[in-house]
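Not measured: the values here are computed from a predicted model. Sequence lines set the chain letters: A, B, ... in the order given, protein chains first and strands last, and positions in each chain run from 1.
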Amino acid sequence: MDESEDVPKDFIKLKSEKLSVDEVSELVVSPYCGAVSLFIGTTRNNFEGKKVIHLEYEAYTSMAESEIKKICRDVRQKWPSIKHIAVHHRLGVVPITEASVIIAVSSPHRAESLEAVTYCINTLKASVPIWKKEIYEDEYSWKENKECFWTNSEK
Amino acid sequence: QVSVLYFARSAELAGLRCETLRVPRQVTSLQLWEEIVRVHPRLAVIRDQVVFAVRQEYVLLGDQLLLLQPGDEVAIIPPISGG
């Protein structure tokens with residue numbers, strides 16, 4: 001068995017091509033792990049009664065990658081048994097039902113990777129500089145995550 | 001001279017994504033915002049919703065003193081919606 005299999009790795013990618021669940025889960029698979037947990041964020045076709053034609057994502061790419069790296073570092077501190085983490089986020093136009101984000105985490109037993117995936121997506125929504133524009137038939141809207149740590153929606 | 005990056009709604013209001021601006025080396029984040037709004041008055045409407053990222057660290061608009069170096073990146077960050 002190759003020594004390099006032991007080294008935990010983070011796989012972070014922002015790309016405009018269609019995301020692949022197979023590709024992302026294969027990145028984190030490890031012979032030392034009995035669990036791979038996955039989250040897929042897909043695009044809904046409606047919002048408040050309006051038909052969504054598609055989504056468009058943009059990112060402050062360099063900072064988004066470093067913020068995702070910070071999330072991976074935090075995950076490894078909270079759940080030290082985590083082996084590999086993969087976060088792929090799509091940029092540009094994302095058609096309805098296609099994935100905008102895929103997060104995969106592997107660990108020896110399932111509890112840690114399930115918790116880590118939840119933590120990853122929740123923290124990503126609160127801190128990673130990526131923006132989503134929903135395109136409707138007649139208009140569009142820049143979305144705002146309720147997790148965004150500086151917006152006070154009670155104002 | 002710093003590089004100012006605009007994203008999402010702030011890029012639409014400012015009409016551009018990137019520019020260099022001459023700003024004082026020592027300035028509070030609120031003062032920096034006011035300098036930018038002087039150049040792009042349409043940004044004023046989002047003042048309560050944005051934060052900065054200075055050298056890729058988030059900074060709230062307020063009294064925090066920024067020590068800016070030539071070539072530093074300052075980004076206007078509207079409310080995020082990744083994931």
Side-chain angles (χ1 to χ4, degrees), chain A residues 12 14 39-43 47 55-71 87-91 94 99-103 117-134 140-155, chain B residues 2-21 28-34 36-37 40 42-64 66 68-83:
Chain A
I12 300 166
L14 271 46
F39 172 81
I40 307 166
T42 57
T43 68
F47 178 74
L55 302 185
E56 286 175 23
Y57 283 90
E58 69 178 67
Y60 183 1
T61 319
S62 51
M63 187 176 174
E65 286 171 355
S66 73
E67 287 296 310
I68 297 172
K69 272 199 198 94
K70 285 182 195 170
I71 295 174
V87 179
H88 280 205
H89 201 300
R90 195 161 171 194
L91 299 180
V94 182
S100 34
V101 62
I102 302 177
I103 299 173
V117 165
T118 304
Y119 176 86
C120 277
I121 183 62
N122 290 345
T123 313
L124 186 152
K125 282 182 169 289
S127 67
V128 175
I130 295 176
W131 295 270
K132 169 167 78 180
K133 193 159 109 174
E134 259 172 15
Y140 67 82
S141 163
W142 287 104
K143 306 305 296 180
E144 300 181 4
N145 289 344
K146 62 185 197 308
E147 298 88 346
C148 179
F149 70 85
W150 62 86
T151 54
N152 181 359
S153 51
E154 288 155 2
K155 266 196 205 148
Chain B
V2 296
S3 292
V4 182
L5 305 179
Y6 301 89
F7 292 98
R9 183 125 186 265
S10 70
E12 288 176 350
L13 291 169
L16 76 177
R17 296 202 157 267
C18 180
E19 65 183 344
T20 45
L21 279 188
T28 67
S29 53
L30 187 55
Q31 284 167 344
L32 179 59
W33 173 257
E34 283 159 3
I36 292 170
V37 171
H40 302 287
R42 292 173 68 203
L43 287 173
V45 297
I46 57 172
R47 181 206 179 289
D48 288 341
Q49 299 158 32
V50 300
V51 296
F52 281 124
V54 179
R55 296 184 294 268
Q56 303 195 2
E57 296 288 337
Y58 291 115
V59 178
L60 297 175
L61 264 52
D63 296 330
Q64 181 168 339
L66 306 174
L68 298 171
Q69 309 286 343
D72 272 351
E73 234 172 48
V74 172
I76 315 271
I77 311 279
I80 55 179
S81 39

Gln49(B) vs Glu144(A) side-chain heavy atoms within contact, under 4.5 Å: yes
Test item: Tyr58(B) side-chain N/O and Trp150(A) main-chain N/O as donor-acceptor pair under 3.5 Å: no
Residue part contacting chain B, namely of Ala64(A), when any heavy atom lies under 4.5 Å: neither
Closest non-hydrogen atom pair between Pro78(B) and Trp131(A), with its separation: O-NE1, 2.9 Å
Contact winner vs chain B - Ile130(A), Val128(A), Asn145(A), heavy-atom pairs under 4.5 Å: Asn145(A)
Nearest non-hydrogen partners of Cys148(A) and Pro79(B), listed with the distance: SG-CA, 3.9 Å
Between CD1 on residue Ile80(B) and OG1 on residue Thr151(A), distance to nearest 0.5 Å: 8.5 Å
Segment of Phe149(A) engaging chain B (4.5 angstrom heavy-atom cut-off): side chain
Arg17(B) versus chain A, the contacting section by heavy-atom distance below 4.5 Å: side chain
Closest non-hydrogen atom pair between Gly83(B) and Ser100(A), with its separation: O-OG, 4.1 Å
Region of Tyr57(A) that comes under 4.5 Å of a non-hydrogen atom in chain B: side chain
Ser141(A): side-chain contact (heavy atoms from CB on, under 4.5 Å) partners, not counting sequence neighbours: Tyr136(A), Lys143(A)
Working for salt bridge (Lys or Arg N to Asp or Glu O under 4.0 Å), residues Glu58(A) and Arg9(B): CA-CA 11 Å; Glu58(A) 69 178 67; Arg9(B) 183 125 186 265; over 6 Å; no
Side-chain heavy-atom pair Glu65(A), Gln56(B) within 4.5 angstrom cut-off: no
pair Pro129(A)-Phe7(B): side-chain heavy atoms closer than 4.5 Å: no
Residue part contacting chain B, namely of Ala99(A), when any heavy atom lies under 4.5 Å: neither
Part of Glu67(A) lying under 4.5 Å from any heavy atom of chain B: side chain
Engaged part of Ile77(B) at the chain A interface, taking heavy atoms whose separation is under 4.5 Å: both
Interface moiety of Glu57(B) toward chain A, non-hydrogen atoms closer than 4.5 Å: both
Distance in Å, Ser81(B) OG paired with Lys133(A) NZ, rounded so as to fall on 0.5 Å steps: 11.5 Å
